[in-house]
Amino acid sequence: MRSFTRVITIVFLAAFALSASVEKGKAEFDRGVRAERRGDSDAAYTYFRDAYTQNPDNSQYQAAFTRIRFKAAEGHVRTGQLLRSAGALADALSQFQTAVTIDSSSSIAQQELKRTADMIREHEAQKASPTTAPPAVKEFGKPLELRPLSNAPISMFLTANTDVVYKTIGKLAGLNVLVDPDYKPQKISIDLTNVTLREALDMVALESKTFWRPVLTNTIFIAADTGGKRKELEQSVMRTFYLRNIESPTDLQEAANAVKQMLDLTRVQLLQGQDALIVRGTPDQLLLAEKVLTDFDQPRPEVMIEVAVMEVSRDRIRNLGNAVPTSFNIGYPGTGGGSNTGNSSGGSGNSSGSLALNALKGLNGNAFAVSVPGSTLTLLASESNTKVLQNPQIRAINDQKATLRIGDRVPVATGSYQSGLAGGGSVSPLIGTQFTYLDVGVNIDITPHVHSNGEVTLKMGLEISSVTGQQTIGGITEPQIGQRRIEQEARLADGEVNLLGGILQNSETQSLSGYPGLTQLPVLKYLFGQENKERSQSEIVFAITPHIIRSQEITTKSLRTVEVGTGTLIQLRDTSNPQGGPASGVPANPGSPIPASPSEQQSVAPDPSGKDTSKPKS
């Protein structure tokens, strides 16, 4: 007995503890519901999170927590965007950090956080060194770098053959200069003031229509600027680019076409299985290919579309008047005392009510019975309102069609069939008949397109259909389907609500029954007749709200203009170190010497005797 009592006590305590736990979670959930109704998404998020933490097995708590987490994060993202537009970058960064903390899976919050942090860093860098020009593109490592002995700015005025000018500049920087034996030097005039080594070499190359390339860390090679010589001598590098956002072979082919057409690259190999491109070209071409592919390889924007479907129906019925008798029966009761309006074939006064001809002489008013139905007075007025609400959410990728079907699939016969055969035979009408299924209910088709300014263009097809009746055709009962449909395009801002209404169905029926003539009298018509009025209204309203959950990642580097050379030559100009630095457009070698001071600048002037001399510039 004691053991039984102990078991009962344990069970009771466990049930009480479970009930207390459920009630505690429910209290937090109820607070979250009230906070959400007030529009306080942050408080609702806290309450729903606590309720879900206390009772994670409750699907209602989980659904509410997931929904409000997205809504709360979206609110902070929207606030951060407004602050950033107003120039408050620090406050905007705080809002985006809060959004990421609330919902770490929010792509738009992570994108905006990264974008704002980059803007703050760039703003601080501009404040620290406002005169320093930003690099054209991200630095790219080359297999070979020039390491001149001096990076001092060069100022010179010289008129001499091209090879002499190159060698003079080489002496100033401590470089060896080799000249192609096929090249025939021409006399040029060069006037340079305070330029870097690379700029000086590029100016000479432009003036003499030559090009140079490093062959050793302290040696350059000079040749005529022709297509054959460039193909023979210009440095060639190779790199494999792995793309992360390829969804189909068409996307990979489009990326390959972009680098081919924009950068004149002919050696591009596609790796379909790895979503990669192997590109071979000059270092400058691969630098630009990296920029092009970085801008191309972006995740497609995504949109969460909230659709609220509201159908309001109103029915009004008024039935007023007297349903008066409009017909009566006269019968011969016969000997059985019953009324009979039928004809008899013989007999006199029999139970069937038949009447012989020789009995007609004894007929009078007592021999017949008249049956008159009663009247019914009706005073009825009724009114009914019906509201149907559905609120589905659709997540769609940019330019991809999203479909939602809520309802039933109704079979409809298609094709040809026959209900019988010649000669008296028959077959089932279902033989030789094909059936198809129609979606009946709420049907939504939406294709979004996300613009770079945060707006969304929606191509929508919205339909509500139902089975309104049946019709028999060729022995087969077919359903009659009524539908109301909207097809349109709209451009909306993120979070903007678009109401699609006007799908109104209005029907009114009026009937009057009673005695002719008397039913036309203004008042007496309700005594000698009955009037029935029925009015039905049905209206459907769609509320469409797009929410961008992943947008295009457009940074300041994506919008920056990059100088790529001429129409026939892809070549980058180094702007990363305008006060001096390595002669090639590559990162400075850690072992490069420190740039010389302005007092160490040198100039070269032609000697009157024809000899080239060098002397410090006064």
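Atoms considered below: every heavy atom in the structure, side chains included; atoms not considered: hydrogens, waters and symmetry mates.
Judged by a 6.0 Å distance limit and a 45° cone about the ring axis, Arg69 is not positioned over the six-membered ring of Phe48.
For Arg300 and Asp399, the salt-bridge test fails: no basic side-chain N is under 4.0 Å from an acidic carboxylate O. Residues Asp445 and Arg405 are paired through a salt bridge, judged by an N-O separation under 4.0 Å between the basic side chain and the carboxylate. For the pair Glu290 and Arg239, the salt-bridge criterion is met [side-chain N within less than 4.0 Å of a carboxylate O]. Comment: Asp118 engages Lys114 in a salt bridge, judged by a side-chain N to carboxylate O separation of less than 4.0 angstrom. Ionic pairing of Glu112 and Arg84 is present here: one or more N-O contacts between side-chain nitrogen and carboxylate oxygen are shorter than 4.0 angstrom.
Between Val177 and Tyr166, the shortest heavy-atom distance links the atoms CG2-O, 3.5 Å. Counting all heavy atoms, side chain and backbone alike, Tyr183 lies closest to Ala224 at CD1-CB, 3.9 Å. Shown here for Gly281 and Leu265, the closest heavy-atom pair between the two residues is CA-CD2, 4.0 Å. Closest heavy-atom contact between Asp494 and Pro546: OD1-O, 3.4 Å. Pairing each heavy atom of Ala173 with each of Pro148, the nearest pair is O-CB, 3.4 Å. Residues Ala255 and Phe296 come closest through the heavy atom pair CB-CE2, 3.4 Å.
At a cut-off of 3.5 Å, with distance as the only test, no side-chain donor of Glu36 or Ser41 sits close to an acceptor on the other residue. In the model, Arg550 has a side-chain atom that pairs as donor or acceptor with a side-chain atom of Ser107 under 3.5 Å. Under the 3.5 Å distance criterion, with hydrogens and angles disregarded, no donor-acceptor pair is assigned to the side chains of Tyr52 and Thr66. Tyr61 and Thr53 share no donor-acceptor pair across their side chains, judged by distance under 3.5 Å alone. A side-chain N or O of Gln253 and one of Asn257 form a donor-acceptor pair less than 3.5 Å apart. Side-chain atoms of Asp103 and Ser105 include a donor-acceptor pair closer than 3.5 Å.
Side-chain contact between Lys71 and Ile68: present, with at least one pair of heavy atoms (C-beta onward) separated by less than 4.5 Å. Residues Arg491 and His451 have side chains in contact (heavy-atom distance under 4.5 Å, counting atoms from C-beta outward). A 4.5 Å side-chain heavy-atom check between Leu93 and Leu113 finds at least one atom pair inside the cut-off. Within the 4.5 Å cutoff, the side chain of Asp180 has no heavy atoms near those of the Ile222 side chain. Looking at Ser551 and Ile548, their side chains come closer than 4.5 Å, going by heavy atoms from C-beta outward. Side-chain atoms of Val497 and Ile544, non-hydrogen and from C-beta on, never get closer than 4.5 Å to each other. Side-chain atoms of Phe157 and Leu192, non-hydrogen and from C-beta on, never get closer than 4.5 Å to each other. A heavy-atom distance below 4.5 Å is found between the side chains of Lys187 and Thr159.
The line from OH of Tyr47 to CG of Asp42 is 12.0 Å long, rounded to the nearest 0.5 Å. With rounding to the nearest 0.5 Å, the separation of CZ in Phe221 from CH2 in Trp212 is 14.0 Å. Going from atom CG of Asn453 over to atom CD of Gln552 covers 9.5 Å, rounded to the nearest 0.5 Å. The CZ atom of Arg213 sits 14.5 Å away from the CG atom of Leu201 when rounded to the nearest 0.5 Å. The structure places CD1 of Ile305 at 10.0 Å from OG1 of Thr545, a figure rounded to the nearest 0.5 Å. In this structure, the separation between CG on Leu277 and CG on Leu293 is 6.0 Å, given to the nearest 0.5 Å.
Met262 CE: 12 or fewer foreign heavy atoms inside a 6.0 Å radius. Other residues, nucleotides and ligands contribute at most 12 non-hydrogen atoms within 6.0 Å of the NZ atom of Lys459. The local environment of CZ in Arg230 is crowded, with over 12 non-hydrogen atoms from other residues, nucleotides or ligands closer than 6.0 Å. Gln488 CD: more than 12 foreign heavy atoms inside a 6.0 Å radius.
Partner Glu302 forms a side-chain hydrogen bond (donor to acceptor under 3.5 Å, both in side chains) with one of His547, Gln400, Arg395 and no other, that one being Arg395.
Within the 3.5 Å criterion, the main-chain N or O of Leu206 finds no donor-acceptor partner in the side chain of Thr210. Using modelled atom types, no side-chain atom of Asp297 and backbone atom of Leu243 make a donor-acceptor pair closer than 3.5 Å. With Glu496 contributing its side chain and Ala493 its backbone, the two residues share a donor-acceptor pair below 3.5 Å. Not one N or O on the side chain of Thr162 forms a donor-acceptor pair closer than 3.5 Å with the backbone of Pro185. Under a 3.5 Å cut-off, the side chain of Asn398 and the backbone N or O of Val450 do form a donor-acceptor pair. Side chain of Gln95 to main chain of Val77: no donor-acceptor pair is present (N/O by atom type, distance under 3.5 Å, no hydrogens or angles). With hydrogens and angles ignored, the 3.5 Å screen pairs no side-chain donor or acceptor of Glu124 with any backbone N or O of Arg121.
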Test side-chain contact (heavy atoms from CB on, under 4.5 Å) applied to Ile102 and His76, step by step: CA-CA 9 Å; Ile102 293 175; His76 285 283; 3.6 Å; yes
side-chain contact (heavy atoms from CB on, under 4.5 Å) evaluation trace for Ile220 with Asn176: CA-CA 6 Å; Ile220 61 174; Asn176 300 319; over 6 Å; no
Ile278 vs Leu271, side-chain contact (heavy atoms from CB on, under 4.5 Å): CA-CA, chis, key distance, verdict: CA-CA 8 Å; Ile278 300 178; Leu271 301 180; 3.9 Å; yes
Thr282 and Gln285: CA distance, side-chain angles, deciding distance, side-chain contact (heavy atoms from CB on, under 4.5 Å) verdict: CA-CA 5 Å; Thr282 65; Gln285 285 178 321; 3.1 Å; yes
Audit row: Lys229, Asp225, salt bridge (Lys or Arg N to Asp or Glu O under 4.0 Å) steps and yes/no: CA-CA 7 Å; Lys229 283 296 181 179; Asp225 191 3; over 6 Å; no
